[in-house]
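Just below is one structure, and these are the notes that go with it.
Being a predicted model, the structure only gives us computed values, none of them experimental.
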Amino acid sequence: MTQRKWPRKPGAGFRVGEAILLPTLTAMSSRTWIDGDKIPATGGVVLVANHVTKIDPLTIAHFVHHHGRLPRFLAKAGIWDVPGLGWIMRDTGQIPVARMSGDAHNAFEAAEQALRTGECIVVYPEGTVTRDPDLWPMRGKTGAARMALAAGVPVVPVGHWGEQEILPPYATRPHLFPRKRIVVKAGDPVDLADLMGGEVTAEKVAEATDRIMAALTAVVADLRGEAAPVERFDPKAAGVAEIGNPKKQKRKKGQA
């Protein structure tokens, strides 16, 4: 896997994260990178990824970093309160999101501005670890589409599979042995040309979101070698909370 050069030199936070995370990821897993050159080498871009476990942001960061971009994630604000990790998040320009609050729009405004200045923004359009029982991408939220249309930048789907074998969703104890295999693949940019320009309407955003989730699901299906469900899982329709551990929530309901 030939590493693409970065358009600018990474700062201290990226260097510290690299020194800590890359040896750890190498020890835990083997990695197969596919079509990473589909990530534009320069310019604003939204990368959308599926979310199967708490550790998969590390894999996505490694993949993007390896292919010459410095990733900026939208991540839950509580991470900034963790000693050490909070400094890395601030120094590397990650963007805090106060989920399920009125302040969440501030994060999307910051991300949109970063896109206009040529940054690479990574978004989990599902908003949380998937609630789909078989770990398929579920119904997407509109933030990724809205910011891409507003900034006029491409959206590239990045699918991955394998991290759930190391740490299943909402588990606390990793399975380190035997060493697991992780595969990550970038897909073609989502065709949003007919939606670009003019007012960013609710109809445009909804259509763009559907196309983004379809493209991301197709990449994941290719990695898994399986057909994806015809309909994407909808937590609201299934009566599943959108944040928190759904397994714990089920147990509480059973005890009530």
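In the model, Glu163 has a side-chain atom that pairs as donor or acceptor with a side-chain atom of Thr59 under 3.5 Å.
Although no hydrogens or angles enter the test, the distance criterion places no donor-acceptor pair under 3.5 Å between the side chain of Arg116 and the main chain of Gly44. Side chain of Gln94 to backbone of Thr92: a donor-acceptor contact under 3.5 angstrom is found. The closest donor-acceptor contact from the side chain of Thr217 to the backbone of Ala214 lies at 3.5 Å or more, if one exists at all. Listed for the Asp91 side chain is no donor-acceptor partner under 3.5 Å among the backbone atoms of Ile88. Using a distance-only test at 3.5 Å, with no hydrogens or angles considered, no donor-acceptor pair links the side chain of Asp35 to the main chain of Asp37. One N or O on the side chain of Arg179 and one on the backbone of Thr26 form a donor-acceptor pair closer than 3.5 Å. Checked by atom type and distance alone, the side chain of Glu112 never pairs as donor or acceptor with a backbone atom of Ala110 at under 3.5 Å.
Val155 places a side-chain heavy atom less than 4.5 Å from the side chain of Ile212. Phe73 is not listed as a side-chain neighbour of Cys120, based on a closest heavy-atom distance of 4.5 Å or more. The shortest side-chain heavy-atom distance between Met196 and Leu149 falls under the 4.5 Å cut-off. Looking only at side-chain heavy atoms (C-beta outward), Ile60 and Tyr124 come within less than 4.5 Å of each other. When side chains are defined from C-beta on, Phe233 counts as touching Arg131, because their heavy atoms get closer than 4.5 Å. No side-chain heavy atom of Val123 sits less than 4.5 Å from a side-chain heavy atom of Leu47.
When every heavy atom of Leu135 is checked against every heavy atom of Pro169, the shortest pair comes out as CD2-CG, 3.7 Å. Taking each heavy atom of Phe63 and Ile34 in turn, the nearest pair found is CZ-O, 3.9 Å. The minimum heavy-atom distance linking Val156 with Ala186 is given by the pair CG1-CB, 4.3 Å. Taking each heavy atom of Ile79 and Ala75 in turn, the nearest pair found is CD1-CB, 4.1 Å. The two residues Ala49 and Leu216 make their nearest non-hydrogen contact at C-CD2, 3.7 Å. Nearest heavy atoms, Ile166 versus Ser29: CD1-CB, 4.1 Å.
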Take Asn50 and Trp136, measure what side chain to side chain contact (heavy atoms under 4.5 Å, CB included) needs, and give me the verdict at the end.
CA-CA 8 Å; Asn50 57 311; Trp136 287 101; over 6 Å; no
Checking Glu242 against Thr128 for the side chain to side chain contact (heavy atoms under 4.5 Å, CB included) test, could you report, in this order, the C-alpha distance in whole Å, the side-chain angles of both residues, the deciding distance, and whether it holds?
CA-CA 7 Å; Glu242 293 189 64; Thr128 188; 5.6 Å; no
Would Ile95 and Ile121 satisfy side chain to side chain contact (heavy atoms under 4.5 Å, CB included), going step by step from the backbone distance to the final call?
CA-CA 9 Å; Ile95 301 172; Ile121 300 295; 4.0 Å; yes
Go through Val158 and Val48 one step at a time and tell me if the side chain to side chain contact (heavy atoms under 4.5 Å, CB included) criterion holds.
CA-CA 6 Å; Val158 178; Val48 292; over 6 Å; no
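The hydrophobic clustering, which links ILVMFWY residues whose side-chain heavy atoms are closer than 4.5 Å, places Ile39 and Val220 apart. Connection of Val183 to Leu58 is not established within any shared hydrophobic cluster, with ILVMFWY side chains joined at heavy-atom distances below 4.5 Å, either directly or through further cluster members.
Looking at residues two or more places apart in sequence or on another chain, you find no salt bridge (charged side-chain N to carboxylate O under 4.0 Å, His left out) involving Asp134. In this structure Lys185 satisfies the salt bridge (charged side-chain N to carboxylate O under 4.0 Å, His left out) test together with Asp222, sequence neighbours excluded.
Of the candidates His65, His160, His62, His62 is the only one forming a ring-ring contact (aromatic ring centres under 6.0 Å, His included) with Trp33.
We find that Glu126 and Arg232 are not joined by a salt bridge, their nearest charged nitrogen and carboxylate oxygen being 4.0 Å or further apart. A salt bridge is absent between Lys204 and Glu207; no separation between the charged side-chain nitrogens and carboxylate oxygens falls under 4.0 Å.
Cation-pi geometry between Arg181 and Trp161 is not met at under 6.0 angstrom from the ring centre and within 45 degrees of the axis.
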